[in-house]
Participant: 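The structure follows.
As the structure lists them, so they are numbered: ligands from 1, and atoms in each ligand from 1. We count residues from 1, following the sequence as given.
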Amino acid sequence: MAAMKFYSVPGTPNPDVVHMFAEEVGCTQLLDVVPLDLGKGTNRTPDFYKVNPLGEVPALVLPSGKAISESIAIARFLDEQIGGSSVVGKSPEERAETDMWIMRVSDKILTPIATAFQNGPWLDFFKDKRPGYIHKELRDPMAAAGKAGCTWLNGELSDGRTFLCGDRFSLADVRFYCLYMFFTSNDKSQAPDPALTHLSAYIARIKAGRVLSPLSRSQTASCEPREDSHSVLVVGYL
Ligand SMILES: N[C@@H](CCC(=O)N[C@@H](CS)C(=O)NCC(=O)O)C(=O)O
């Protein structure tokens, strides 16, 4: 299969889900990366709205000409092109387990911490780009919900499993890692809680054993927020 146009901003969390997934399953050759610049707003032009009406990255243009967005949908499409992988799941049970963990950590952690971020330190950046979704009142309750979710996940991980789906490294780990690292590193008030030792050890295991995204590579193994973390955003933005 020929490479497909992949609109991306490497170093931002959702595009990095696809980059990390493609590295993991060995299909980077399918992606013809078209870099956009969120700071300059090249994702919010009439041309790009034709690719993704939400104006968000990533987006993949399929051989038929149809464009799809949503990092998980793109990863699943790529997975099918290569005949499937354990990362998505080799059986209906494994695939269901992957989806279960994608949804669990999205609902309990990733959506809350992303919402807190977008309505907190990056409210000015997002308020014109996502009209109707940005409300500063959301910041504190969403941050609190994200912390509750992290405490819950830490408890789950205390059973000694290696990854979310046990011994199997999955797309749920890829997504959790890319988004969690980004938001907790770029928003000091949402920095990882050192008391959540099982969560920190899980993150360190992923970092130690995987080909990581450009952003993820720049994080420290202990997942402590970087002193210069704000500069990551200046390059990347969400
Ligand atoms: N649910 C989407 C989220 C996409 C998303 O929020 N992308 C961010 C980058 S990580 C973006 O395009 N932000 C810039 C903007 O909204 O202008 C996915 O999984 O791909």
Participant: Would you confirm whether Glu56, through its side chain, and Asn52, through its main-chain N or O, come within 3.5 Å as a donor-acceptor pair?
Facilitator: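 Side chain of Glu56 to backbone of Asn52, a donor-acceptor pair under 3.5 Å: no, none is there.
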Participant: Check each atom of ligand 1 against the heavy atoms of Pro15 and keep those under 4.0 Å away; list them by number with element.
Facilitator: 10 (S)
Participant: Check if Ala73 has a non-hydrogen atom at a distance under 4.0 Å from any atom of ligand 1.
Facilitator: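 It does not, in that no heavy atom of Ala73 comes within the 4.0 Å cut-off of ligand 1.
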Participant: Any idea which atoms of ligand 1 are less than 4.0 Å away from a heavy-atom of Pro58?
Facilitator: 20 (O)
Participant: Can we say Asp128 and Arg44 salt-bridge, meaning some charged N sits less than 4.0 Å from an Asp/Glu carboxylate O?
Facilitator: no
Participant: Closest by any non-hydrogen atom to atom 5 (C) of ligand 1: pick that one out of Thr111, Asn14, Thr12.
Facilitator: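 Result: the heavy atom closest to atom 5 (C) of ligand 1 is in Asn14.
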Participant: With a heavy-atom distance limit of 4.0 Å, tell me whether Val57 approaches ligand 1 through its side chain, its backbone, both, or neither.
Facilitator: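 Contact part for Val57 vs ligand 1: both backbone and side chain.
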Participant: Of all the atoms in ligand 1, which lie at a distance below 4.0 Å from a heavy atom belonging to Ser71?
Facilitator: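 Ligand 1 atoms under the 4.0 Å threshold to Ser71: 18 (C), 19 (O), 20 (O).
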Participant: Under 4.0 Å, counting heavy atoms only: does Ser69 come that close to any atom of ligand 1?
Facilitator: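 It does not; every heavy atom stays at 4.0 Å or beyond.
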Participant: Would you mind telling me if ligand 1 is within reach of the side chain of Lys129, the backbone, both or neither, using heavy atoms under 4.0 Å?
Facilitator: side chain
Participant: Any N/O of Arg175 closer than 3.5 Å to an N/O of ligand 1?
Facilitator: no
Participant: Flag the pair Arg104 and Asp107 as a salt bridge only when some basic side-chain nitrogen lies within less than 4.0 angstrom of an acidic carboxylate oxygen.
Facilitator: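 Salt bridge between Arg104 and Asp107, a charged N being under 4.0 Å from a carboxylate O: no.
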Participant: Flag this pair as yes if the NZ/CZ of Arg168 is under 6.0 angstrom from the six-membered ring centre of Phe163 and inside a 45 degree cone about the axis; otherwise no.
Facilitator: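 No.
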Participant: May I ask you to list the atoms of ligand 1 that are less than 4.0 angstrom from any heavy atom of Pro13?
Facilitator: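 What qualifies from ligand 1 is 10 (S).
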Participant: Counting heavy atoms only, which part of Asn43 comes closer than 4.0 Å to ligand 1: side chain, backbone, both or neither?
Facilitator: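 The part of Asn43 near ligand 1 is the side chain, not the backbone.
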Participant: Does Lys129 qualify as a cation-pi partner of Phe125, given the criterion of NZ or CZ under 6.0 Å from the six-membered ring centre and within 45 degrees of its axis?
Facilitator: yes
Participant: Has Asp173 got a side-chain atom pairing as donor or acceptor with Leu164's backbone, closer than 3.5 angstrom?
Facilitator: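 Checked: pair present.
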Participant: Determine, for Lys50 against Asp47, whether the closest basic-nitrogen to carboxylate-oxygen distance falls under 4.0 angstrom.
Facilitator: yes
Participant: For the backbone of His135 and the side chain of Asn119, can you confirm whether one donor and one acceptor N or O come within less than 3.5 Å of each other?
Facilitator: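 Yes, the answer is positive, given that a donor and an acceptor are paired below the 3.5 Å cut-off.
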